[in-house]
Amino acid sequence: MPYKDRDINKLYYTMGEVTEMFDVNASQIRFYEREFDILQPKKNKKGNRLFTPDDVENLKIIFNLVKEKGFTLQGAKDHIRNNKGEVKENQKVIDSLEKLKQFLLEVKEKL
């Protein structure tokens with residue numbers, strides 16, 4: 001049976017890892033944490049934020065609405081509050097399409 005690579009999912013991501021994922025400053029992540037109720041990172045004894053995979057998914061949703069679709073902060077809050085299930089499903093679709101695009105670009109590069 002051949003070895004199969006697995007995605008390793010972490011239980012918690014540090015602020016540095018999250019800022020690298022989204023290519024933003026920590027202050028912007030902290031600002032979104034204050035503005036959006038769906039972001040609830042844990043804090044350790046030192047006060048460092050630890051983001052769960054759900055928090056990262058919620059940040060993806062927020063960035064998609066605010067940066068990609070051009071929602072205002074209040075508009076994004078209202079949209080998330082009124083369409084929570086739909087927004088999460090849409091984000092899953094977006095993520096899978098981005099993975100597919102990346103795969104196709106790699107195949108194109110190898111050809």
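Asn83 pairs by the side chain to side chain contact (heavy atoms under 4.5 Å, CB included) definition with His79, Glu86, Val87, not counting sequence neighbours. Residues satisfying the side-chain hydrogen bond (donor to acceptor under 3.5 Å, both in side chains) test with Arg81, not counting sequence neighbours, are Asp78. With sequence neighbours left out, Glu57 forms a side chain to side chain contact (heavy atoms under 4.5 Å, CB included) with Lys60, Gln91, Asp95. When the side chain to side chain contact (heavy atoms under 4.5 Å, CB included) test is applied to Lys108, no partner is found at least two apart in sequence or on another chain.
Listed here is the closest heavy atom pair of Ala76 and Val66: CB-CG2, 4.0 Å. Heavy-atom minimum distance, Thr72 versus Gly75: OG1-N, 3.0 Å.
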Throw together a table of side-chain donor-acceptor distances under 3.5 angstrom for residues 19-31, partners on residues two or more places apart or in other chains.
from, atom 1, to, atom 2, distance (Å)
Thr19, OG1, Met15, O, 3.2
Thr19, OG1, Gly16, O, 2.8
Gln28, NE2, Tyr32, OH, 3.3

Identify all side-chain donor-acceptor contacts of residues 39-51 below 3.5 Å with residues at least two apart in sequence or on another chain.
from, atom 1, to, atom 2, distance (Å)
Gln40, NE2, Asp37, O, 2.9
Asn44, OD1, Lys46, N, 3.1
Asn44, OD1, Gly47, N, 3.0
Asn44, OD1, Asn48, N, 2.8
Arg49, NE, Glu33, OE1, 2.5

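Considering CG of Asp55 and OG1 of Thr52, their distance stands at 3.5 Å, rounded to 0.5 Å.
Side-chain contact between Lys77 and Phe36: present, with at least one pair of heavy atoms (C-beta onward) separated by less than 4.5 Å.
Criterion: ILVMFWY side-chain heavy atoms under 4.5 Å apart, direct or through other members. Under it, Ile94 and Ile80 are not part of a common hydrophobic cluster. Neither Leu111 nor Leu105 shares a network with the other; the hydrophobic side chains, linked directly or stepwise wherever heavy atoms of I, L, V, M, F, W or Y lie under 4.5 Å apart, form separate groups for each.
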